[in-house]
Structures are given as structure tokens and as C-alpha cells.
Amino acid sequence: MIKKLLKKNIAWIVLLFVLFINNKVYASNNYIEVPLVVEQFFDIAEGAEKEVDLTGKYELKTLSENPTFQENGNKDIFVFRLNGEKKNSSIPLKYAHAGVYCYELVQTTKDKANYIFDRKSYKITVYVKNVETNQLRAQVIVENEDGKKCEKIEFHNRYLIKNILGSQQNLTVKTGDKANVNIWYLVGNIAMIAIIGVSIMKKKKGNVKY
């Protein structure tokens with residue numbers, strides 16, 4: 001009798017263990033991947049040097065409590081680079097659970113001479129929810145600094161020419177202000193001499209005796 005009860009219990013334990021393993025594997029495979037596309041445009045002025053650094057550094061920072069970037073050492077920040085006049089990158093965001101995930105995307109490229117980097121920031125919100133088929137569905141909403149929704153995430157950088165900057169400085173120095181001042185100074189001196197001459201002539205006429 002005891003042996004029969006042990007055999008039945010062992011059978012139930014084995015069955016529960018198998019079900020637990022199957023459920024665990026199924027849950028780990030039940031996730032959704034959301035591609036986040038980021039584009040970089042680099043405008044180069046005509047006559048620029050051949051070697052222009054077109055690399056932009058960007059950071060996607062998690063604002064919610066749920067970490068997303070499991071593969072990175074830092075689960076809260078994902079750092080990536082784009083190199084080229086027209087370049088884009090797709091960041092795969094993976095979710096295994098329903099929830100609301102918020103991010104901030106900015107460019108962190110260091111300032112350099114003759115470069116103008118796009119410093120705007122984007123707020124990205126991903127809504128992940130369960131559907132009836134026991135699957136996950138995601139909706140992505142992107143907003144700019146003004147809170148307006150955006151269809152694309154774009155950064156526009158610029159590279160200027162050193163010669164253009166130098167010519168602008170020369171133009172500010174070589175204005176017509178100095179020439180105008182000299183002309184007015186000359187006119188003032190002539191007027192003063194004329195006034196003095198007229199006054200002297202009047203005095204001489206007054207001293208003439210008939």
C-alpha cells in the first residue's frame with residue numbers, strides 16, 4: 001500500500017516538474033521587439049576639407065523604473081554612434097512584460113570648432129499591452145521638446161568652413177564706419193575754419209576808420 005502511494009506521488013511530482021519547465025520556456029520566448037529608427041543628416045559647406053568628422057554620439061536614457069537594455073553593462077542608458085552625411089540606425093527594444101516604458105534621446109557629441117550639432121531632445125513612450133491571444137502588442141509615441149508628436153527621429157548637424165568664418169570677421173573689421181567718421185571730421189574742421197575766418201573779417205571791418 002505504501003509503495004503504491006509513493007509511486008503515485010512521484011508520478012505527480014514528475015508531471016508538475018515537466019509542466020513548470022514548459023511554462024518557464026514559453027514565458028521566456030514570449031516577448032516583443034520594437035525597432036526604434038534614428039536618422040542623422042550632416043550638411044557640409046562647399047569647399048570644406050576632405051577629412052570631415054561626420055560622427056555623432058547619441059544616448060537613449062531610460063526614464064521609467066523598468067530596465068530595457070539588458071545586454072548592456074548599464075541597463076539605464078544605451079549609447080550608439082552614427083557616421084555619415086545621411087545615416088540611420090535601428091535600435092531593437094525588447095519587452096517581455098506589459099507596461100509603460102519612457103525614454104529620452106539626446107545627442108552628446110562634444111562641441112568642436114566649425115561644427116553645429118543638433119541639441120534637441122526627444123521623449124519616447126512605448127505602451128506594451130497583452131492581447132487576447134496571449135501575445136504582446138506595442139505602440140510607440142515620439143514627442144519633441146515642445147510636446148508635439150513626431151513621425152521621425154532626426155538630428156541635423158552642420159559643418160562650416162574656416163575661410164568663411166575668417167571672411168566674416170574681416171568684413172566686420174573692414175566696414176565703412178571709419179571712413180564716414182574721417183569725412184565728418186574733415187567737414188567739421190572746414191566749418192570751424194570758415195567760422196573763424198568770417199569772425200576775423202568782421203572784426204577787421206569794424207576797426208576800419210573813415
Side-chain angles (χ1 to χ4, degrees), residues 19-46 48-112 114-160:
L19 291 174
F20 175 77
I21 292 176
N22 290 335
N23 287 336
K24 188 176 181 181
V25 172
Y26 175 76
S28 63
N29 291 331
N30 185 23
Y31 70 90
I32 185 172
E33 182 174 312
V34 179
L36 187 67
V37 180
V38 181
E39 295 181 281
Q40 172 184 278
F41 298 91
F42 228 114
D43 297 330
I44 305 175
E46 295 182 0
E49 293 84 351
K50 294 182 179 180
E51 297 183 0
V52 178
D53 188 4
L54 303 179
T55 304
K57 182 180 178 182
Y58 302 89
E59 288 186 1
L60 182 63
K61 182 179 180 181
T62 302
L63 301 179
S64 55
E65 296 180 357
N66 301 324
T68 305
F69 315 115
Q70 300 289 348
E71 299 178 356
N72 292 3
N74 191 339
K75 297 180 181 180
D76 296 328
I77 299 178
F78 180 77
V79 180
F80 62 99
R81 288 175 172 82
L82 297 176
N83 186 5
E85 296 183 36
K86 186 177 181 180
K87 193 72 175 181
N88 64 71
S89 177
S90 180
I91 305 171
L93 302 177
K94 297 181 180 180
Y95 305 97
H97 305 283
V100 180
Y101 302 84
C102 300
Y103 309 90
E104 182 184 23
L105 178 61
V106 295
Q107 181 173 189
T108 59
T109 311
K110 292 184 178 180
D111 292 328
K112 295 184 292 185
N114 307 315
Y115 286 83
I116 300 177
F117 295 106
D118 193 344
R119 297 300 183 185
K120 65 172 170 283
S121 63
Y122 289 95
K123 181 182 178 182
I124 302 161
T125 306
V126 182
Y127 297 91
V128 182
K129 61 180 180 179
N130 289 308
V131 294
E132 296 179 356
T133 57
N134 197 23
Q135 294 180 349
L136 296 175
R137 182 176 296 174
Q139 180 185 11
V140 181
I141 296 179
V142 180
E143 298 176 336
N144 58 17
E145 295 174 337
D146 300 328
K148 296 181 180 179
K149 294 182 180 180
C150 306
E151 296 182 357
K152 296 182 179 180
I153 302 176
E154 299 177 342
F155 291 90
H156 294 263
N157 300 327
R158 295 180 61 193
Y159 177 78
L160 306 178

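Note that the coordinates shown come from a computational prediction; the quantities given were computed from them, not determined experimentally. Every heavy atom of this structure was used, including side-chain atoms; hydrogens, water molecules and symmetry mates were not.
Every residue two or more places apart in sequence or in another chain that forms a ring-ring contact (aromatic ring centres under 6.0 Å, His included) with H156 is listed here: F41. With sequence neighbours excluded, the residues that form a side-chain contact (heavy atoms from CB on, under 4.5 Å) with N88 are V37, E39. Applying the side-chain hydrogen bond (donor to acceptor under 3.5 Å, both in side chains) rule to R81 yields no partners; only residues at least two apart in sequence or on another chain are considered. Under the side-chain contact (heavy atoms from CB on, under 4.5 Å) criterion, E151 pairs with no residue at all, not counting sequence neighbours. F117 meets the ring-ring contact (aromatic ring centres under 6.0 Å, His included) test with Y115; sequence neighbours excluded. Evaluation of the salt bridge (charged side-chain N to carboxylate O under 4.0 Å, His left out) rule for K112 yields D53 as partners, not counting sequence neighbours. By the ring-ring contact (aromatic ring centres under 6.0 Å, His included) test, Y58 is found to be paired with F80, F155, residues two or more places apart in sequence or in another chain being considered.
A ring pair (Phe, Tyr, Trp, His ring centres under 6.0 Å) check over residues 124-148, counting only residues at least two apart or in different chains, returns nothing. Within the structure, the salt bridge (charged side-chain N to carboxylate O under 4.0 Å, His left out) test picks out the following pairs touching residues 117-130 (sequence neighbours left out): D111-R119, D118-K120.
What you find for Y31 and K94 is that their closest heavy atoms are CE1-CD, 4.2 Å. When all heavy atoms are compared, the tightest approach of N157 to Q40 is ND2-OE1, 3.8 Å. Looking at every heavy atom in both residues, S64 comes nearest to V100 through CB-O, 4.0 Å.
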Can you give the donor-acceptor pairs under 3.5 Å from side chains of residues 137-144 to other protein atoms, not counting sequence neighbours?
| residue | atom | partner | partner atom | Å |
| --- | --- | --- | --- | --- |
| N144 | OD1 | D146 | N | 3.1 |
| N144 | OD1 | G147 | N | 3.1 |
| N144 | OD1 | K148 | N | 2.8 |

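A donor-acceptor pair is defined here as one N or O able to donate and one able to accept, closer than 3.5 Å; no such pair exists between the side chain of T125 and the backbone of C102.
Residues Y101 and L93 are not in side-chain contact: their nearest non-hydrogen atoms beyond the backbone lie 4.5 Å or more apart. Residues L136 and N130 are in side-chain contact: their nearest non-hydrogen atoms beyond the backbone lie under 4.5 Å apart. Put simply, the side chain of D43 does not reach to within 4.5 Å of the side chain of I116, judged on heavy atoms. Inter-residue side-chain proximity for V126 and L36 is flagged as unmet; no heavy-atom pair is nearer than 4.5 Å.
The line from CD1 of I124 to CD1 of I153 is 4.0 Å long, rounded to the nearest 0.5 Å.
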